[in-house]
Chemist: 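Provided herewith is a single structure, encoded as structure tokens, for subsequent inquiry.
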Amino acid sequence: MALRIWRCPAGEMKTRPEGKRKTQKPLSGSYLMGYRSNRAISFFCAQLHSIFLLKRQDRFCILEVCSCVAKMADGIGSIVKSETYTWKIISCVKICNMKREDKLMEDYRFWGWENSHVEAITNEYPGIHNPRQLYSALWEIWCADTCAPRMRSSWTKENRTLGQCSITAFLAQDIFGGKVYGIRREGGSYHCYNVIGDCRFDLTSEQFGEEKLDYENNSEQLREVHFEKEEKRLRYEYLKGELKKYCRQMASF
């Protein structure tokens with residue numbers, strides 16, 4: 001017996017014997033209107049909600065989610081192209097995004113995040129308005145290539161902030177202004193963090209685990225001195241370029 005393929009709301013392909021009574025019509029064209037299209041939208045939004053809240057337990061990767069959403073949208077045909085229903089999907093995205101922000105507020109672990117309320121002084125990085133948003137973006141960008149060479153062999157995705165301090169602090173300075181200070185470490189190196197008025201934060205503090213760092217009475221760090229090391233300047237330029245690329249991708253959705 002011949003088999004015919006049709007598409008169901010979840011975008012899954014099913015088969016039915018030829019001649020058997022139809023139980024599900026293709027979700028496309030004018031058939032999307034009315035009761036069944038509302039059911040499809042509800043299903044779509046429920047799945048979207050699940051992806052936004054459960055896709056990543058450690059950090060939220062919006063590019064990954066958008067990829068999933070695109071596949072889901074393709075799975076229910078032209079439904080997302082309809083102006084009649086687009087607002088429902090947008091509303092769902094906004095609600096999920098607010099819930100995601102509430103969850104992430106509990107998950108930030110960098111030192112000073114609670115008081116990091118300074119605003120960006122540049123529009124060069126769309127979507128980055130405060131240090132928390134910068135941290136969330138950099139979480140997707142930090143990698144072994146941006147890690148200091150002497151620590152690169154120890155870098156892991158579980159310890160992403162390792163070896164990222166100076167280039168991250170100077171990039172944060174580009175975006176929020178202020179000054180960069182350094183905590184002198186064993187061996188003579190400095191761990192860098194940001195000070196903007198009364199606000200102090202250290203986006204890469206997680207690499208030290210439970211160790212308590214002293215953020216009082218430290219010396220100011222100058223990028224001219226740090227970037228005398230060509231490899232550090234190149235890592236900074238690379239991180240800066242990747243952040244701009246990330247922001248452009250986010251702005252395109």
Chemist: Which residues pass the ring-ring contact (aromatic ring centres under 6.0 Å, His included) test with F208, sequence neighbours left out?
Modeler: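 Testing F208 for ring-ring contact (aromatic ring centres under 6.0 Å, His included), a comparison that skips the adjacent residues, returns H191.
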Chemist: Got a sec, which residues hit side chain to side chain donor-acceptor pair (under 3.5 Å) with E224, two or more places apart in sequence or on another chain?
Modeler: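 Side chain to side chain donor-acceptor pair (under 3.5 Å) check on E224 returns nothing, list empty.
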Chemist: Please find the pair of heavy atoms, one from R109 and one from S205, that lie closest to each other, and give the distance.
Modeler: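 Answer, listing the atom of R109 first, then S205: O-OG, 4.1 Å.
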Chemist: Sequence neighbours left out, what passes salt bridge (Lys or Arg N to Asp or Glu O under 4.0 Å) with D145? Give chain and number order.
Modeler: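 Not a single residue meets the salt bridge (Lys or Arg N to Asp or Glu O under 4.0 Å) criterion with D145.
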Chemist: Determine whether a donor-acceptor pair (N or O, by modelled atom type, separation under 3.5 Å) exists between the side chain of W113 and the backbone of Y108.
Modeler: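 Such a contact is found between W113 side chain and Y108 backbone.
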Chemist: State which residues pass side-chain contact (heavy atoms from CB on, under 4.5 Å) with E124; sequence neighbours excluded, sorted by chain then number.
Modeler: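 Scan of E124 (side-chain contact (heavy atoms from CB on, under 4.5 Å), adjacent residues dropped) gives T122, K240, K244.
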Chemist: Quick check for you: to the nearest 0.5 Å, what is the distance between C143 atom SG and L239 atom CG?
Modeler: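 With rounding to 0.5 Å, SG (C143) is 8.0 Å from CG (L239).
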Chemist: Could you work out, with side chain to side chain donor-acceptor pair (under 3.5 Å) as the rule, every residue matching Y181, not counting sequence neighbours?
Modeler: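 Partners of Y181 under the side chain to side chain donor-acceptor pair (under 3.5 Å) test: none.
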Chemist: Would you compute the distance between atom CD of E140 and atom CD of Q249 and round it to the nearest 0.5 angstrom?
Modeler: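 If I round to the nearest 0.5 Å, the distance is 11.0 Å.
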Chemist: Give me the ring orientation class for W139 and Y135: parallel if the planes are under 30° apart, tilted from 30 to 60°, perpendicular past 60°.
Modeler: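 Correct class here is tilted.
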Chemist: Of all residues at least two apart in sequence or in a different chain, which pass the side-chain contact (heavy atoms from CB on, under 4.5 Å) check with S219?
Modeler: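 Here the qualifying residues are Y190, Q221.
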Chemist: Considering residues at least two apart in sequence or located in another chain, which fulfil the salt bridge (Lys or Arg N to Asp or Glu O under 4.0 Å) criterion with E158?
Modeler: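 With sequence neighbours excluded, E158 shows a salt bridge (Lys or Arg N to Asp or Glu O under 4.0 Å) to no residue whatsoever.
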Chemist: List in chain and number order the residues that pass side chain to side chain donor-acceptor pair (under 3.5 Å) with K245, two or more places apart in sequence or in another chain; answer none if no residue qualifies.
Modeler: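 For K245, the residues satisfying side chain to side chain donor-acceptor pair (under 3.5 Å) (neighbours in sequence not counted) are E242.
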Chemist: Would you give the length of the straight line joining atom CD1 of I175 to atom CG of L134, rounded to the nearest 0.5 angstrom?
Modeler: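 Reported to 0.5 Å precision, the distance equals 4.5 Å.
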Chemist: Indicate yes or no: does E231 engage R150 in a salt bridge with an N to O separation below 4.0 Å.
Modeler: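 No, this pair does not count.
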Chemist: To the nearest 0.5 Å, what is the distance between CZ (R152) and CG (L162)?
Modeler: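 That separation rounds to 11.0 Å.
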Chemist: Answer with yes or no whether the side chains of W142 and T204 bring together a donor and an acceptor at under 3.5 Å.
Modeler: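 Result is no, nothing qualifies.
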Chemist: Locate the shortest heavy-atom distance separating S116 from P131; write the atom from each residue and the value.
Modeler: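 Heavy atoms only, the tightest pair is O-CD, 3.4 Å.
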Chemist: Restricting to side-chain contact (heavy atoms from CB on, under 4.5 Å), what partner residues turn up for I196, sequence neighbours left out?
Modeler: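 I196: side-chain contact (heavy atoms from CB on, under 4.5 Å) contacts with V118, F176, F201.
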Chemist: Taking all non-hydrogen atoms of both residues, which atom of H226 and which atom of S166 are closest, and how far apart?
Modeler: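 Looks like ND1-CB, 3.9 Å.
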Chemist: How long is the span from the CZ atom in F110 to the CD atom in E206, to the nearest 0.5 Å?
Modeler: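 One finds 8.5 Å between CZ of F110 and CD of E206.
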Chemist: For Y193, which residues count as a ring-ring contact (aromatic ring centres under 6.0 Å, His included) partner, sequence neighbours excluded?
Modeler: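 Expected list: Y215.
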Chemist: Considering the options I167, I183, V180, which one meets the side-chain contact (heavy atoms from CB on, under 4.5 Å) requirement together with C192?
Modeler: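 Passing option: V180.
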Chemist: Kindly say whether V195 contributes a backbone atom to a donor-acceptor pair with the side chain of R200 at under 3.5 angstrom?
Modeler: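 Not a single qualifying donor-acceptor pair exists.
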Chemist: Mind checking side chain to side chain donor-acceptor pair (under 3.5 Å) for R223 and listing every partner two or more places apart, or none if nothing turns up?
Modeler: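 R223 satisfies side chain to side chain donor-acceptor pair (under 3.5 Å) with Q173, D174, Y236 only.
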Chemist: Can you name the side-chain contact (heavy atoms from CB on, under 4.5 Å) partners of E230, sequence neighbours left out?
Modeler: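 E230 satisfies side-chain contact (heavy atoms from CB on, under 4.5 Å) with R233, L234 once adjacent residues are dropped.
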Chemist: Given 3.5 Å as the limit, does a donor-acceptor pair link the side chain of W111 with the main chain of L203, or not?
Modeler: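 Absent.
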